[in-house]
Amino acid sequence: MWDQILQFLLTGITLGSTYALVALGFAIIYNASDVVNLAQGEFVMLGAMSAIALSAGQGLPLPLAILLAVLLTLVVGLMLQRFAIAPAKGITVVGTIIITIGASIFLRGLALLLWGKDIQALPHFSGETPLRWGDLTLLPQSLWVMGGTALLVLGVQLFFNRTLLGKAILACSCNKTAAQLVGINVGRMLLVAYGLSALLGAMAGVLVTPITYTSYDAGIMLGLKGFAAAVLGGMGNPMGAVAGGLLLGLLESLAAGLISSGYKDAIAFIILLLVLFLRPSGLFGRAVSERV
Amino acid sequence: MKRLRGWWLLVALLIALPLLFPGNYYVTVVGASALLHAILAVGLNLLMGYAGQISLGHAAFFGLGAYSSAILTTRYGVNPWLALGAGLVLAGGVAYLIARPVLRLKGHYLAMATLGFGIIVHILLVQTGGLTGGPDGIGGIPTLSLFGWAIDSDARWYGVLAATLLILVLGALNLMDSRSGRALGAIHGAEVAAGMMGIDTAAAKTAVFVLAALTAGLAGSLFAHQQAFVSPDSFNFFVSIELVTMVVLGGIASTWGAILGAVILTFLPELLVVFEDYEVLIFGAILMLIMIFLPQGIVGGLADLWARRQGAAAPTDPPKAGPAPRGLAPASDPVSQDAA
Amino acid sequence: MLLEASGLTKSFGGVTAIADLDFQVPAGLVYAVIGPNGAGKTTLFNLLSGIYRPDEGRLRFAGEDLGGRQPYQIARLGLARTFQNLQIFFNLSVLENVMVGAHARGCQGMVAALLRTPAMRREERQIRAWAWEALDFCGLGELAARPASALPYGALKRLEVARALAAQPRLLLMDEPAAGLNDTETLAMRDLIGRLRDQGITVLLVEHHMGLVMRVSDRILVLDYGSRLAEGTPAEIRANPQVIAAYLGGEVHYAVE
């Protein structure tokens with residue numbers, strides 16, 4: 001029994017790592033521009049699909065294909081900001097949701113056109129022989145996912161805390177006008193934020209696709225899960241989003257293993273609702289109150 | 001009566017269309033579908049447009065109504081009208097139960113909670129196969145009949161849906177121009193101040209949430225009887241998003257905008273079919289373009305244009321008679337934002 | 001006493017905004033609360049109107065204990081307020097804003113509204129009449145049909161008053177009604193406050209404009225760091241050395257005209 005639960009936990013962390021990266025991308029964009037980017041999951045799909053197309057389709061070596069795929073997705077992220085978000089002035093919360101859903105549908109349509117409806121996979125980075133400890137098994141790819149996520153999260157953390165560019169983005173998210181006054185180019189910072197989010201999404205896609213496979217329509221559910229994870233952690237708290245992602249992955253894996261795989265998403269969302277009912281600003285979010 | 005001029009126009013239009021184009025596919029089939037969407041959108045607009053509360057899970061109530069009718073009539077042989085009533089009770093009851101905790105949330109948290117609710121209901125519809133038929137759905141749902149007159153043709157369904165929409169629109173217009181309607185507008189505009197005017201904001205939000213859910217439940221039951229078949233795909237996340245888009249596209253907070261949005265989003269896929277493989281891509285692009293260039297929606301955008309053309313009209317002569325346009329305040333508006 | 005506070009205390013994360021405050025407001029007066037920024041004036045208003053819960057102490061209004069009541073329940077007891085940061089319903093017209101103010105005087109619900117029953121229409125006419133009364137009282141009659149979002153700042157300040165007035169309150173809390181107004185508008189506001197008192201409405205006023213406060217108030221409460229520094233008539237406050245030293249910094253101007 002305990003072995004089994006431990007196994008679910010391992011699966012959960014692998015799954016949760018992907019959600020964590022998507023949620024982290026969510027939080028970065030939300031912090032920088034107050035936009036809930038529901039196209040976030042499409043970055044994951046695009047990164048994975050283009051890596052597959054470049055490696056299997058064009059015969060490029062896997063590392064090169066991955067690098068190009070991530071860059072390509074990054075460009076898509078920049079274009080999303082530049083051509084869809086930036087021109088929409090004075091837009092409402094609902095408006096941004098519709099724009100990003102529109103972008104999500106557009107990218108899905110594009111993927112359908114380019115790569116068809118088939119479910120596709122990337123090769124495992126270091127073989128498919130599971131590592132074993134007693135009854136416990138772990139795919140080497142899971143280690144890639146966990147390790148890659150840890151490195152990326154650490155990198156993002158350092159980027160925001162140690163680099164001038166990162167601090168400038170944080171300044172924008174705190175107060176756009178003030179940031180502008182001290183000479184920060186807010187427009188460019190927003191581009192960086194979207195690019196960074198796209199990069200995180202693409203990396204998540206490339207890392208996890210050998211295990212989970214992907215298809216043109218895989219993005220939207222991942223985007224919603226990322227949104228859920230970001231809300232769970234408290235919108236606008238990047239490390240909260242990472243924690244929320246891991247938690248969501250664990251919940252799903254435990255629910256799938258102990259209750260039923262058909263209900264795993266439902267259980268994850270029920271717990272999310274319960275958390276919101278008890279803590280309306282998420283687990284690690286600060287309570288906001290209107291000043292009157 | 002000036003207040004109901006638009007409503008009478010709608011009555012005339014809905015009667016004239018099938019008379020002018022009898023048996024036309026775009027009137028009685030696509031048109032009927034547009035009417036059903038309009039019922040859903042007008043109902044959702046009560047919640048989103050009037051009261052300013054976002055819901056990304058409205059398709060769930062649509063589904064609860066539809067599946068109540070489907071299950072009760074096919075599995076238990078219940079009279080279709082009773083089944084429809086049960087659908088209303090279920091949709092309204094569930095809405096009442098979740099309204100208070102859900103509507104306590106704001107902004108993105110509210111969006112997430114309603115979205116989550118919609119997904120949970122959809123999963124339940126797929127997973128409880130013994131009851132709902134799972135992903136395959138339920139077929140053979142009997143149609144409704146009115147005083148022995150079976151609603152069994154496209155034209156008749158057009159009539160029933162048109163009548164339902166007209167009654168609903170009348171109710172919505174009445175509500176807008178009332179103490180309760182203004183209370184919802186006040187909650188939309190400045191919730192704290194609304195409380196200070198003696199408005200029980202939680203109760204008002206609950207009431208309008210239930211009202212919107214009842215409308216969706218009714219639409220669901222009608223849909224089930226009209227189609228004779230239901231499956232979970234008709235009630236998934238994308239349907240919720242489509243409904244929200246209808247409300248926003250036409251021009252939020254306007255009943256006419258909601259109807260217009262429903263008509264456009266129903267006909268758009270019909271027109272895009274010619275683009276075959278590019279259909280999805282173009283649909284996504286259109287969504288983005290409309291929101292970028294008409295953030296106030298079509299009705300709101302036109303009203304703005306109209307107001308600008310009127311220029312500096314006499315101060316006592318506002319560009320629009322009656323209530324001012326109720327748009328969601330833009331994100332840059334400090335009043336609509338929670339300041340830390 | 002219309003309003004009584006005893007031992008009122010509220011702190012936010014260790015910072016005490018209101019500390020063990022006692023005061024009483026008799027009916028029929030204009031009662032001003034003054035103090036430097038951060039003295040706890042707006043916090044006091046938010047406590048009185050139920051937006052915040054006090055940590056300690058009691059509030060009694062018109063003989064009722066306000067403890068544990070929601071803002072809307074307090075409003076229905078006859079306590080209305082205006083806001084320092086405008087809380088106008090910008091999505092409604094000016095008239096509709098004021099009609100919302102009369103909400104608590106009506107009783108027709110959503111079902112009656114959907115069916116537009118005769119009783120509902122009767123009440124609607126009554127609410128409209130009340131709203132017009134309040135609009136005219138505040139000199140906004142000509143602007144009634146405008147969207148509230150089209151009004152200049154000065155008119156919005158008066159709209160806040162008209163909206164509160166439509167509730168026919170016994171006590172009206174006014175949070176910096178003159179802030180941001182020019183001299184002419186300030187004079188008009190002073191006149192308006194005076195006429196409110198003549199109508200028998202008790203006014204609790206928070207204001208920085210000393211000229212206005214000294215002219216219009218019957219009694220003044222001076223707050224400093226959330227506690228009571230002094231209380232009395234304008235003349236007493238003006239002469240109070242503690243007030244002059246602590247709050248007015250020795251330099252006092254009462255010019256308004």
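Throughout, protein chains are lettered first and strands after them, A, B, ... in sequence-line order, and every chain is numbered starting at 1.
Heavy atoms of C:Glu160 lying under 4.5 Å from chain B are absent altogether. Of the atoms belonging to C:Met120, it is side-chain heavy atoms, and not backbone ones, that fall under 4.5 Å from chain B. Both the backbone and the side chain of C:Leu79 come within contact range of chain B, each with at least one heavy atom under 4.5 Å from a heavy atom of that chain.
Using non-hydrogen atoms only and a strict 4.5 Å limit, the part of residues 124-140 of chain C facing chain B consists of C:Glu124, C:Ile127, C:Arg128. Below 4.5 Å, heavy atoms of chain C meet heavy atoms from B:Ala207, B:Val208, B:Leu211, all part of residues 206-216 of chain B. For residues 64-72 of chain C, a heavy-atom distance under 4.5 Å to chain B picks out C:Pro71, C:Tyr72, given by residue number.
Here the straight-line distance linking atom CG of B:Asp200 with atom CZ of C:Arg76 works out to 6.0 Å at 0.5 Å rounding. Here C:Arg105 contributes atom CZ and B:Met197 contributes atom CE; the two are 13.5 Å apart, rounded to the nearest 0.5 Å. To the nearest 0.5 angstrom, C:Arg116 atom CZ is 10.0 Å from B:Leu173 atom CG.
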Next item on the list: Take B:Leu184 and C:Met110, measure what side chain to side chain contact (heavy atoms under 4.5 Å, CB included) needs, and give me the verdict at the end.
Entry: CA-CA 10 Å; B:Leu184 298 177; C:Met110 200 170 269; 4.1 Å; yes
Next item on the list: Take B:Asn174 and C:Leu114 through the side chain to side chain contact (heavy atoms under 4.5 Å, CB included) test and state the conclusion after the steps.
Entry: CA-CA 5 Å; B:Asn174 283 346; C:Leu114 289 170; 5.6 Å; no
Checklist line | Pair B:Met196-C:Arg163, side chain to side chain contact (heavy atoms under 4.5 Å, CB included): steps then yes or no | finding: CA-CA 10 Å; B:Met196 277 319 299; C:Arg163 190 178 63 179; over 6 Å; no
Next item on the list: Report the C-alpha separation of B:Arg182 and C:His103 in whole Å, then their side-chain angles, then the decisive distance to 0.1 Å, and conclude whether the side chain to side chain contact (heavy atoms under 4.5 Å, CB included) test is met.
Entry: CA-CA 9 Å; B:Arg182 280 187 303 274; C:His103 185 90; over 6 Å; no
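A donor-acceptor distance shorter than 3.5 angstrom exists from the side chain of B:Arg179 to the backbone of C:Gly106, with no hydrogens or angles considered.
Ranked by heavy-atom pairs shorter than 4.5 Å toward chain C, the options B:Ala183, B:Ser178, B:Gly195, B:Gly198 are led by B:Gly198.
Here B:Ala194 pairs with B:Ala186, B:Ile187, B:Ile199, B:Thr201, C:Phe89 under the side-chain contact (heavy atoms from CB on, under 4.5 Å) rule; sequence neighbours left out.
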